[in-house]
Structures are given as structure tokens and as C-alpha cells.
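Contents: one structure, followed by commentary.
Just so it is clear, the structure is predicted and the values come from calculations on it, not from any experiment.
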Amino acid sequence: MKEKQQFELWREDVEPALISKLDEFHFLGYERVTVEEIWECVLYQLRKQKEFLHLHAFVNQLMTLKPQTYMNWLTLKSYQEPTDWFAEYEAEK
């Protein structure tokens, strides 16, 4: 029987690692990055993972996230979920 990944249960446990990665990105000049975006990016990377992933391997994946990988994910996300930049402007009229 194949075990199912339960990453959401690990969210509280890996919170210090998420904050550390957030601080690293802010230090490198990526000021608009959020903890939630880092979390989503790592989960996106692991979506096709076939074998069961242990907590320490998940934290390793999180801590080795590179800004380039994050920016690629952000670009893909923007293409998949286009934002209407003028919606607020049109609503004011």
C-alpha cells in the first residue's frame, strides 16, 4: 500500500525553516516574497514525487530552494492565473 504525503501536517513543524528561507530571500533583495509563496513553490516542486518523502528530505528541499527556481515558479503561476491589473481602476469609475 502506497503512503500518501501529508505536507500540510508538517506546516507548523517547518515554520522556522520557512521563515529562515524568507529572511534569505529578503536579504538577497526579493522583498515581496511571502512565506505562503515559498510554501506553495516547494509543494509545486514536489507534486510529481512518486516515493514517500520524509520530513528531513522535505526540509532539505525547502532549504535548497533557489531564487531562480522561485522566480520560474512565479512566472508559471502568473501565466496560469492571469491578473487583471485594471480591475481596480475600472471599478473606481
**Prompt:** For atom CD of Gln80, is the number of surrounding heavy atoms from other residues, nucleotides or ligands below 6.0 Å larger than 12?
**Reply:** yes
**Request:** Might you work through the side-chain contact (heavy atoms from CB on, under 4.5 Å) test for Glu24 and Leu65, ending with a clear yes or no?
**Result:** CA-CA 10 Å; Glu24 177 185 335; Leu65 179 66; over 6 Å; no
**Message:** If hydrophobic clusters are built from ILVMFWY residues whose side chains come within less than 4.5 Å, do Tyr44 and Tyr79 share one?
**Reply:** no
**Item:** Any side-chain heavy-atom pair of Lys21 and Val33 under 4.5 Å
**Value:** no
**Item:** Sole residue of Leu53, Val14, Leu55 in side chain to side chain contact (heavy atoms under 4.5 Å, CB included) with Phe7
**Value:** Leu53
**Request:** Indicate yes or no: at least one non-hydrogen side-chain atom of Glu40 is less than 4.5 angstrom from one of Trp73.
**Result:** yes
**CZ on Phe25 to NZ on Lys66, rounded to 0.5 Å** = 10.0 Å
**Asked** Where the side chain of Arg11 meets the backbone of Glu8, is there a donor-acceptor pair that is under 3.5 Å apart?
**Response** no
**Prompt:** What distance separates Ile38 CD1 from Leu62 CG, expressed to the nearest 0.5 Å?
**Reply:** 7.5 Å
**Message:** When you measure from the side chain of Thr75 to the backbone of Met71, do you find a donor-acceptor pair of N or O atoms at a distance under 3.5 Å?
**Reply:** yes
**Asked** Are any non-hydrogen side-chain atoms of Leu43 and Arg47 less than 4.5 angstrom apart?
**Response** no
**Message:** Show the nearest heavy-atom pair for residues Cys41 and Tyr70, with the distance to one decimal.
**Reply:** SG-CA, 3.9 Å
**Complete:** To the nearest 0.5 Å, atom CG of Asn72 lies from atom NZ of Lys77 at 14.5 Å
**Message:** If you count every heavy atom of other residues, nucleotides or ligands that lies below 6.0 Å from Glu36 atom CD, does the total exceed 12?
**Reply:** yes
**Heavy-atom side-chain proximity of Trp10 to Val59 below 4.5 angstrom** = no
**Message:** Do Ile19 and Trp39 land in one hydrophobic cluster if side-chain heavy atoms of ILVMFWY residues count as linked below 4.5 Å?
**Reply:** no
**Asked** Is the number of heavy atoms from other residues, nucleotides or ligands within 6.0 Å of CZ (Arg32) greater than 12?
**Response** no
